[in-house]
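A quick write-up on the structure given underneath.
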Amino acid sequence: MDKLVAWAKQRGFVYPSSEIYGGFASIYDYGPLGVELISNLKELWWKNVVWKREDIEGIDGQILTHPKIWEASGHVDSFTDPLVDCKSCKKRYRADKILEEKLGVDKVAGKTLPELSLMLKDEEISCENCGAIDWTDIRSFNLLMECSIGVTEGEKRTVYLRGETCQTIFVNFENVLQSTRQKLPFGIAQIGKAFRNEITTKNFIYRTREFEQMEMQYFLHPSEADEKYEYWKSESMKFLQEEIGIDKENLRFRQHEPEERAHYARDAYDIEYNSPWGWAEFWGQHNRGDWDLKRHSMFSGRDLQYFDQERNEKYIPCVVETSLGVGRLALVTMLDAYHEEEIGEGDKKETRVVLKFSKKVAPIKVAVLPLMKKDELVKVSRQIFDKLNTKYACQHDVTQSIGKRYRRQDEIGTPYCVTVDFDSIEKDQAVTVRDRDTMQQERVKIEELEKWLDEKLLS
RNA sequence: GCGGGUGUCGUAUAAUGGUUUAUUAUAUCAGCCUUCCAAGCUGAGGAUAAGGGUUCGAUUCCCUUUACCCGCUCCA
């Protein structure tokens with residue numbers, strides 16, 4: 001993992017944010033290659049989900065959102081954890097959880113923080129770690145990030161940066177339904193940023209306070225929910241293996257236990273990745289039932305029922321959600337692609353760092369290299385570069401030995417290196433194309449190069 | 001937020017309460033050389049996380065802040 005962090009910074013994938021001011025906790029910026037990687041991942045997902053299907057529409061909801069949305073969604077309540085510490089052994093607990101264990105859910109629900117504090121004392125709840133009854137006051141951590149809108153004091157009001165993207169889908173459910181002539185079942189997809197005041201952040205870009213989600217909410221009749229839920233589960237796994245190229249062995253499903261499900265979920269699965277710090281979830285599938293639209297109906301006073309012509313039935317649609325973090329997908333993609341290989345023999349033995357990104361994911365597709373820094377070679381290589389870079393992200397590198405430049409490209413996962421040598425201009429009008437994984441070379445006519453690359457890269 | 005650990009060029013590192021320019025490797029840049037897998041030579045730029053204190057003198061000792069890592073907790 002440390003190797004990956006160092007590599008990511010050195011090669012321009014991920015930088016710690018605001019580094020010159022001493023850094024900014026758990027915020028990271030994407031560098032020149034990181035932004036290419038991210039945009040490839042997003043494009044692949046979008047095409048796979050929105051373009052390929054008639055029954056999915058895209059939207060782009062905004063980050064600044066009406067505070068009511070978060071009351072309806074349950075986040076203002078359930079994203080506020082009442083935390084309490086044992087003064088004696090310093091262990092931290094969720095106050096509501098330990099009270100629920102003793103007293104049952106009913107007695108705890110709806111209580112204020114001071115009431116919970118009193119209950120801890122009155123019921124003589126002891127710390128299960130050290131047995132002491134010596135609690136700090138209960139403090140609440142609202143995970144929603146606040147900001148304020150308005151210039152003058154009188155105008156100012158608090159709004160929330162959205163804590164998840166899906167709520168902007170739910171509040172646009174009616175709009176999309178009306179402007180697209182979709183009928184149930186159908187889905188709405190979105191890629192966008194969300195924000196949470198996480199208590200702690202962790203593992204490089206794995207958990208950050210600002211993060212981007214790609215997700216799709218599928219609206220349907222309650223009777224169809226289970227089937228679609230299974231369908232999207234298998235579609236996601238297929239996407240990861242076939243489009244992104246993640247090793248099957250490093251992926252698994254894990255079903256949530258009932259008690260760990262979010263407040264809206266009827267059933268939940270995660271896709272987890274076999275990371276250096278253990279299995280890590282990065283893609284959630286939730287069967288949300290009709291919770292969301294029901295709540296927004298309730299809080300907005302708007303009737304969000306759907307009239308189903310075929311069934312001749314009016315109902316609140318159920319929602320099947322598939323949702324993944326862009327940063328987490330990028331991290332998983334980088335972890336899975338990172339390889340160190342021993343090459344050469346005897347004294348010449350050395351380690352090659354190579355990122356085995358799938359061709360669709362690789363930030364740079366082609367590197368064009370003159371064999372040496374000679375004007376006549378550079379002239380031709382630049383012509384080739386100028387032609388290819390209108391279609392593919394390319395690099396042109398003339399410095400130092402050819403072997404070194406191959407290694408540089410290996411380290412950023414470029415699938416193909418095109419080398420212009422003296423034969424190219426004197427004899428055969430052809431170039432060598434070197435494959436990243438096999439390091440094998442193939443001679444290709446310059447005029448056929450683009451077609452050759454198209455076949456390899458677009459298939 | 002709590003507890004524990006860490007912080008020296010981009011990366012990996014050496015050293016020291018005081019001696020001129022803070023070591024070395026690698027990477028980067030410039031030049032020379034070089035006809036396909038990190039070759040060589042010459043040169044250049046680049047660091048004691050930030051602030052304060054003790055001291056004649058602090059990268060070194062102390063304090064505060066900050067960032068990262070490990071746990072608690074939480075999620076995509």
Side-chain angles (χ1 to χ4, degrees), chain A residues 1-3 5-12 15-27 78-79 81 83-87 89-94 97 129 136 139-141 143 163-166 193-194 196-209 211-215 256 260 262 268 270-272 277 280-286 321-329 331-332 343-344 348 350-353 369-374 377 399-411 417 419-424 426 431-434 436 439-441 443:
Chain A
M1 189 66 183
D2 290 345
K3 275 185 187 168
V5 175
W7 164 85
K9 183 178 176 192
Q10 188 165 12
R11 291 292 156 189
Y15 308 129
S17 185
S18 312
E19 215 180 359
I20 61 168
Y21 291 109
F24 197 26
S26 100
I27 308 282
S78 78
F79 263 33
D81 298 333
L83 298 181
V84 66
D85 296 330
C86 170
K87 283 182 187 167
C89 70
K90 309 279 185 207
K91 194 164 160 61
R92 164 163 299 188
Y93 297 92
R94 291 245 327 239
K97 285 274 167 72
N129 186 43
T136 61
R139 281 162 304 165
S140 119
F141 289 94
L143 295 184
E164 58 184 20
T165 50
C166 61
K193 298 266 186 155
R196 286 179 201 170
N197 278 318
E198 298 288 351
I199 300 169
T200 48
T201 55
K202 213 181 169 183
N203 290 326
F204 194 35
I205 56 173
Y206 181 71
R207 188 197 292 168
T208 51
R209 297 198 170 98
F211 59 101
E212 192 160 31
Q213 295 183 303
M214 303 198 274
E215 58 170 37
H256 282 202
E260 64 173 317
D270 290 320
I271 298 179
E272 298 186 328
W277 67 92
E281 63 202 81
F282 68 104
W283 191 332
Q285 322 278 332
H286 297 114
E321 167 189 74
T322 178
S323 167
L324 76 154
V326 175
R328 287 188 179 182
L329 179 62
L331 178 59
V332 160
I343 57 168
K348 286 191 165 178
E350 59 187 331
T351 308
R352 175 174 89 126
V353 173
L369 317 167
L371 184 60
M372 286 189 299
K373 197 171 167 183
K374 297 276 186 212
L377 294 180
T399 62
Q400 303 183 56
S401 76
I402 188 69
K404 185 164 217 158
R405 282 176 278 158
Y406 285 151
R407 294 306 169 75
R408 275 189 198 140
Q409 296 302 326
D410 289 342
E411 272 199 42
C417 290
T419 304
V420 176
D421 58 25
F422 291 96
D423 284 350
S424 307
E426 286 162 7
V431 290
T432 2
V433 183
R434 178 238 191 210
R436 176 194 68 201
M439 302 201 289
Q440 298 299 307
Q441 302 185 335
R443 201 75 184 163

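A, B, ... follow the sequence lines: proteins, then strands. Residue 1 opens every chain. This is a predicted model, so every value here is computed, not measured.
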Between U35(B), A76(B), C36(B), which nucleotide gets closest to the side-chain atoms of S323(A)?
-> A76(B)

Just compare C75(B), A30(B), C36(B) and give me whichever is closest to any side-chain atom of T399(A).
-> A30(B)

How far does the C1' atom of A27(B) sit from the matching atom of C36(B), given to the nearest Å?
-> 23 Å

If you look at every strand shown and take non-hydrogen atoms under 4.0 Å, does F422(A) touch a base, only sugar-phosphate, or nothing?
-> base

For A49(B) versus C9(B), give the span between their P atoms, rounded off to a whole number of Å.
-> 8 Å

How far does the C1' atom of A22(B) sit from the matching atom of A14(B), given to the nearest Å?
-> 10 Å

Closest to the T419(A) side chain, choosing from C36(B), A76(B), C37(B) = C36(B)

Which whole number of Å gives the distance between the C1' atom of U8(B) and that of U23(B)?
-> 11 Å

Between C62(B) and C68(B), how far is it from one C1' atom to the other, in whole Å?
-> 23 Å

Proximal nucleotide (of A38(B), C36(B), U11(B)) relative to the S401(A) side chain = A38(B)

Please state the C1' separation for the pair A58(B) and A15(B) - nearest whole angstrom.
-> 15 Å

What integer number of Å spans the C1' atoms of C2(B) and U73(B)?
-> 10 Å

Whole-Å C1' distance, C72(B) and U64(B) = 25 Å

